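Step one of this worksheet: look at the structure below.
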Amino acid sequence: MLFPTFTFAVFFAVVLTVGWSLHRNGAAWKLFMLAASYFFYGFWDWRFIGLIVLSTIVNQGFATVIDRSERDRARSSLLVTGVAFNLGLLGFFKYYGFFAESMGATLSRFGLPAPPMLQIVLPIAISFFTFQALSYIIDVKRRELTPAPLIDFALYLCFFPHLVAGPIVRASEFLPQLRVRPDPRRIDLTGAATLIGVGLFKKVVISSYLASAVVDPVFNNPGRHSSLELIAGVYGYAIQIYADFSGYTDIAIGIALLVGIRFPQNFNRPYTAASIQDFWRRWHMTLSNWLRDYLYIPLGGSRGGRNRRDRNLFLTMALGGLWHGAAWTFVIWGAYQGAGLVVERRLAEKASGVQVARRRRRIAMVPAGRPTDADATAAEVEDPYGLLDELGEPTPARSRFTERQHRWIGRFVTFNFICVGWVFFRADSLGDALHILWRIPFAWGAAPLVTPLLAATIATCLAVQFIPRALTRNALAGLSQLPAWVHGVAFGAFLVLVDLLGPTGIAPFIYFRF
Amino acid sequence: MAAAPPHPNQPHGARSRRTTPRARTSEGFRKRRPFRSDQTVGAALLALIVACLLGSQSLVNLAAHQPFGAQRSVALALANALDRVADGLSLDRPAKFVDRLTGRVPRGRVDVEALLQQQALDTADDTTSPLDINPATGQRYLSVAEPLRVLLAGDSMMNDLGPSITELAPVALASIDLDYRVSSGLSRPDFFDWPSHLAQVLDAEHPEAVVLVFGPNDFQNLEVDRKVLEAGSAPWLTEYGRRVGVVMDLLHRPGVTVTWAALPAMRDPEFSTSMATVSEIYRNEASNRPWVRVVELGSALNRPDGAYAATLPDSDGTPAALRQGDGIHLSRAGADRAAVLLWSDVSERWAVENAAGEARADG
């Protein structure tokens with residue numbers, strides 16, 4: 001069942017009505033939501049329900065025995081077994097074909113038999129619910145969480161708004177909301193309707209339009225397109241994947257809000273990022289946080305020196321790439337992001353070292369009586385602009401100008417760095433990705449795909465990210481003063497508009513396959 | 001669901017429509033007014049009703065596109081009733097206005113039968129000079145100035161095959177138009193009317209080499225004169241064959257070649273049998289139409305014994321997955337193998353390789 005369908009609209013109308021009528025009875029509400037979520041998931045293929053029920057029971061079992069174990073070694077062994085179960089499940093369904101194909105290619109070179117190729121149906125959402133289950137048992141092992149009742153955990157794992165493509169909600173964020181009944185007098189109807197409406201518009205109108213207008217033609221046959229079309233295809237894909245994925249999570253967050261559950265934010269205007277690190281704090285934030293807490297830090301994080309830190313960062317991003325899909329293009333995309341983060345961090349450290357050295361030289365030239373190196377606080381050493389202000393050069397206005405210039409240059413470089421990465425993410429093969437990148441500087445010619453509408457769509461979608469948040473928040477606050485029935489009529493009309501502007505038949509969300 | 005009393009700290013509803021100027025979040029933004037659950041549910045249901053009325057035509061289409069049967073009849077009756085109400089209240093006007101504005105008004109249906117009769121009269125009226133004809137192929141000579149106009153059309157299988165075929169075609173000598181419609185076929189013209197569409201494309205784009213793939217969506221009940229023909233029954237076979245023949249005849253124009261794909265085996269045995277049935281119809285219909293050639297995709301995608309193959313060894317001997325997870329659609333490797341067969345047929349009938357060699361020699 002896809003969000004932008006009439007079937008889902010009817011399903012959700014029933015869930016919303018029955019859900020709020022049961023809200024006084026916590027147990028009944030949970031049972032109903034669980035049944036609705038299984039129905040939602042089983043609508044694709046009823047066999048998937050067996051898999052998620054298995055994952056629920058086994059992970060709850062692990063959480064319970066880990067919690068009961070007193071000895072750290074036993075807890076660790078149990079956790080390792082639990083993690084192996086989850087990764088085994090994910091590995092079999094999602095990565096078997098990839099590894100069998102890759103291994104087969106290598107083994108055949110040595111005349112060895114290749115592993116058998118199996119046709120395995122990838123269950124929708126397995127990447128998401130596996131990560132959520134992992135966070136649950138790891139948090140229990142870390143004593144940050146006590147095992148929840150089975151029904152709560154089952155609902156956490158399969159709650160329909162986030163089940164299929166996130167956001168990746170932590171157990172510590174979700175389970176407490178099941179313990180206290182949501183306040184039926186404090187529903188953010190305006191916020192939820194806006195999120196759902198904007199999400200639908202992004203998915204149905206923007207994403208679908210860009211896919212058919214430029215992205216699919218360019219990526220399907222890069223050899224037939226000119227430089228300008230290739231550039232438009234790459235930029236178009238950057239917008240398409242953002243519109244598609246953030247659109248999905250907007251809808252998911254909005255739907256959850258309407259039933260009284262809050263999800264964490266997953267996107268924060270990512271293309272305004274002025275650095276790669278900044279981008280990853282704004283893009284798929286729940287995955288970035290998950291990878292940080294359950295992969296980067298266990299690998300050692302920034303402990304053990306710069307080289308160890310950089311290795312951990314690179315590995316985390318490469319594995320994060322593999323999470324997105326069972327293909328080398330995703331691994332390369334992840335490694336590319338990891339390498340970018342490492343290089344950026346090294347450059348920043350170098351620049352900051354130069355600034356500190358410059359500061360020390362200047363302080364040495366300061367006349368007697370002025371602050372000296374010895375007077376400098378650690379905060380000042382980290383803040384070269386504070387030093388320059390102290391010395392009276394340059395003026396604060398000029399430094400703000402320079403800072404703004406740097407920020408815009410950073411945004412431009414970051415956006416283009418990310419776009420190059422998207423080429424690997426979207427291309428069918430490494431060869432196709434390199435073909436696109438290689439052709440961009442050399443294939444100048446006519447560009448019939450690059451229409452004014454396409455250029456305007458890409459430019460507008462980028463510009464919208466720079467609208468000050470206060471403006472949108474305050475506008476929504478104004479809209480919330482309108483009566484509920486106006487919200488209903490306006491939202492209904494908007495749904496029809498989205499349907500009319502979108503294509504016939506909606507492609508599944510890009511992130512479904514992850 | 002009982003309406004809850006106002007929250008003591010957050011006045012709302014009719015008693016207080018506006019937040020005070022001081023109602024701000026910790027970040028300094030104005031706070032949004034919260035709503036009660038009964039207001040929220042009411043707004044959601046109202047939105048659904050408004051959407052159904054304003055978009056009643058979409059609902060009618062949605063109902064009409066379901067498989068023939070009782071469920072479709074009920075859905076269609078309800079949607080039509082709603083559409084009549086919307087029409088009576090002129091609520092469908094905004095949607096029609098937007099449709100006109102965006103150019104989404106469906107193009108009118110072509111009277112394909114009349115067109116075929118006209119074509120039968122026009123077939124002899126070929127204006128191509130004999131000097132322009134390549135005696136080896138019976139088709140015109142290709143050149144960089146006048147490349148071959150290729151139309152790749154069909155259902156979602158063509159979405160898999162199209163890029164692979166395009167990759168094989170020389171850029172300078174073949175201008176390719178990929179025109180696929182997901183979930184379409186020849187069984188449900190109410191969903192997508194391929195004969196009408198092809199007639200319009202033929203007039204507008206004048207394709208010369210047409211490559212078609214249909215079938216996976218076609219083994220379903222058909223409706224003829226309000227009678228439902230059960231998929232696979234004798235009347236169904238006759239009617240489906242007639243529809244295939246109509247498309248083939250529609251493409252019978254001077255200088256047009258048709259390459260029609262016969263489907264490979266599918267993972268699900270029952271579905272595979274159905275696809276073998278429709279493929280047999282394609283062969284039968286093409287047998288007395290020399291401008292149509294059926295290309296057997298199974299020879300590239302099936303096991304040597306004709307059974308379904310999820311993987312087959314590639315040129316290095318490494319097993320390559322040929323099909324997507326559904327056991328129907330093609331992976332890139334599978335599409336590449338099948339595309340070779342389809343493009344070979346086009347290339348042979350239009351002497352594309354010779355023309356490419358001459359183009360290279362001309363520099």
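Just so it is clear: chains get the letters A, B, ... in the order the sequence lines come, proteins before strands, and each one is counted from 1. These numbers were taken from a predicted model, which means no experiment stands behind them.
Atoms CG and CD, on B:Asp336 and B:Glu167 in that order, are 7.0 Å from each other to the nearest 0.5 Å. Remark: B:Leu53 CG to B:Leu82 CG distance equals 5.0 Å, nearest 0.5 Å.
For B:Leu45, the part sitting under 4.5 Å from any heavy atom of chain A is the side chain, from C-beta outward, and nothing else. The contact between B:Leu59 and chain A is made entirely by side chain atoms (from C-beta outward), counting heavy-atom distances below 4.5 Å. Neither the backbone nor the side chain of B:Ala335 comes within contact range of chain A, judged by heavy atoms closer than 4.5 Å.
A donor-acceptor pair under 3.5 Å is absent between the side-chain atoms of B:Asp87 and the main chain of B:Asp83, judged by distance alone.
Side chain to side chain, A:Arg469 and A:Asn268 meet the donor-acceptor criterion of an N or O pair below 3.5 Å.
Chain B forms more heavy-atom pairs under 4.5 Å with one residue of A:Leu22, A:Leu476, A:Leu495, A:Val486 than with any other, namely A:Leu476. Ranking A:Asp188, A:Leu258, A:Leu479 against chain B, the residue ahead of the rest is A:Asp188, based on heavy-atom pairs under 4.5 Å. With chain B as the partner, the residue from A:Leu497, A:Ile187, A:Val496 showing the most heavy-atom pairs under 4.5 Å is A:Ile187.
With sequence neighbours excluded, no residue satisfies salt bridge (charged side-chain N to carboxylate O under 4.0 Å, His left out) with B:Asp177.
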